[in-house]
Amino acid sequence: MILRVALDVPVPKLFDYRAEDVTRADIGRRVVVPFGKKRLVGLIIDIAAESEVPASRLRVAETILREVAPLEREWLELVKFCSSYYHRPLGEVTAAALPPRLRAPGPVPDPPSEYALTQAGRDALAAIAPRARRLRALLTRLAAGAVSEADLRGDVRGARALLRRGVEAGWIVPIAVERPEPRFEGAHELTPEQREAVGSLRTQLKKFGVSLLFGVTGSGKTEIYLQLIAEVLAQRRQALVLVPEIALTPALENAFRARFPGACIVTQTSASPELERARGWLLAHRGAAHIVLGTRLAVFASLPRLGLVVVDEEQDISFKQRDGVRYSARDLAIARAQIAGVRVILCSATPSLESFHHASTGKYDLVSLTRRAIREAEMPEMRLIDTRVHSLRDGFSAPLLEAVSTRLARGEQSLVFLNRRGYAPVLACPACGWVKGCARCSAHMVVHLTEQRLRCHHCGLAESIPRACPECGNPDLQPFGRGTQRVELSLGEKFPEARILRLDSDAVRARSGLGDLLERATQADILVGTQILAKGHHFERLTLVGVLNADAGLFSSDYRASERSFAQLQQVSGRAGRANLPGEVLIQTRYPGHPLYQSLVKHDYPGFARSLLAERREAGFPPFVFEAVLRAESGEIARAMRFLRSAVERAPTRRASIVLYDPAPMSLARLAGVERAQALMQSRSRARLQEFLREWSDTLYRMPAQGVRWHLDVDPIEF
Ligand SMILES: [Zn+2]
Ligand SMILES: [Zn+2]
């Protein structure tokens, strides 16, 4: 028989191997095969009686890995869809979809189990030599009752090796963990609006469809999907929940555990340790996990009894993978729900224009929540501070400073928001105009005063701050602009008595993670933060949000910038006044008349979205057209451009309804020492664009690489 195997190599085809004793039941299993001089783990996609490869060149598969049940048809359909839609070889997609441990030929990790002491173990404990302190500690711990390996490792140093010794000696045995049935802890009573939303969604769970759960910040969207997950678990099915931020998953996981006691909840993020990720993945694959919670890669979890998919903050750009297989986890979640015949719920207070558009044309089912769930909490009052009238000192207008000091006097909390970390975004020489750029990127380096370093926020390159201008020798180099560190310092000068805390990714790194920092944040009088603060944290005493450089997103060349800007401003505004204290939001801007701000102060996202959609329709941008880019990367921009030009020359000729633009360098042309250019194509028909890409990609794979790495990016978000 012939195995048709997907392998993680950049060639868009399956590879044939000979094998004995295989049946169709092996489709979806992993297999170890020789490839060149290497051994690779691939996935069996099909089994055939014969191959187009001459028998003399067919190699024999080494081992079919049968200790894991084969991946099911639905999962295979998902990766096949991903491969064909994003035009990446199936082997690359399956490799990206599986946890690293399962891509290697080693043994599969055991499911987490508990360990118990045998009678022989008890006898051994009584007879053990006093100097074997750690072994004694381990056995004593087990003598008190069954313990999980994780707990043992927390309590006893070297527990893993001791456990293995104990198991070999017959003193210790692993026992399967008995799981109680998951329960659901109801929270406070639902509002009438929430009850209606749950009611209407509940009836639609068993067939495919997309629901857009659109609700203002604080309207209790999470509560609604928790209720629906409870429903799905009661039907003995599994739920998949995708969230944008790795940093938020621990808090969310705890919230889930509190609401679903007894449920097996598994998290999948790229930050999880490999072993943990593989174990979690296997629990889901075996059907033991009730809920899989994770960032974009969790969309590939194997869930044989999938009953519901939730994508929280569906508009978040982190759902788009930026390298390798460039998929959108939000869009794959929809494909996945369709394959499984279940409902997918997209949640947002500021839906992506794509989703908003589909909801308004009826393609998606729209469920709106217009009120905040806690009765006393009103929407915050939003005010624009015209900085042409109120001049800024150290980045602050007088009304904003006044508002902060009122909060200090009342013992309430203020949040100063600015989406720029570091001390100053630019270091320049006022004498000759020299500006410090990154040696590896077409970007400026950012001054970080706390660490006395310059950092590139694109590639991470760090350097010490120069003492003088390298061009003219002027020792008086000036930091221009303002980042969170600078704002923190000037607030400290203005309010010396206040407890000020900065929350940005630098602070998270310097402390022991976001959780620790959020703990401290409840004690602070003034928080200075980036978008890391904008999501999902509740601060009881927070009644003021001040936004410093809101205008930055208004005039970007990226047509999605204003949509993101609105989402971010609304999100951060939602931090104000969530409990029973009324909130106020002050936004400093030079353009108070801009439609974005006018809609924002009225809390009118639908109005804003409709006006943006009208603009997009006029200008011919998504969601009214579909886009893809062919991108080329090289050490020299000329090479990348040459490759793209010759690729464009060889593009399929019959291409009515496809507009293919001339190649151009990307807006951030140089990143980490790599020059990047791309050719954009657009079409009003997704099917036509896909057809075009399929044909073109066949040609591209046959073109000589000429020292260039290329890829197609479908539905790109970077230009
Ligand atoms: Zn100079
Ligand atoms: Zn850089």
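Keep in mind that the numbers below use all heavy atoms, side chains included, and drop hydrogens, waters and symmetry copies. Remember, it's 1-based here, ligands and their atoms both numbered in the order they're listed.
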**Study point:** Contact flag His458/the Zn ion (ligand 2), N/O/S atoms, threshold under 2.8 Å
**Key:** no
Practice item. Please name the pair of heavy atoms, one in Leu491 and one in Ile526, separated by the smallest distance, quoted to 0.1 Å. Key: CD1-CG2, 3.9 Å
Check your understanding: Is the His457-His448 ring centre distance short of 6.0 angstrom?
Key -> yes
Check your understanding: Which of these passes side chain to side chain contact (heavy atoms under 4.5 Å, CB included) with Ile317: Glu718, Arg330, Arg322?
Key -> Arg322
Exercise for review: Look at the rings of Phe719 and Tyr559 and say which category their plane angle falls in: under 30° parallel, 30 to 60° tilted, over 60° perpendicular.
Suggested key: tilted
Revision key, fill the gap. For the Zn ion (ligand 2), angle spanned by Cys438 SG and Cys456 SG (nearest 10°) is 110°
Review point. The Zn ion (ligand 1) as vertex, arms to SG of Cys472 and SG of Cys429: angle to 10°?
Key: 100°
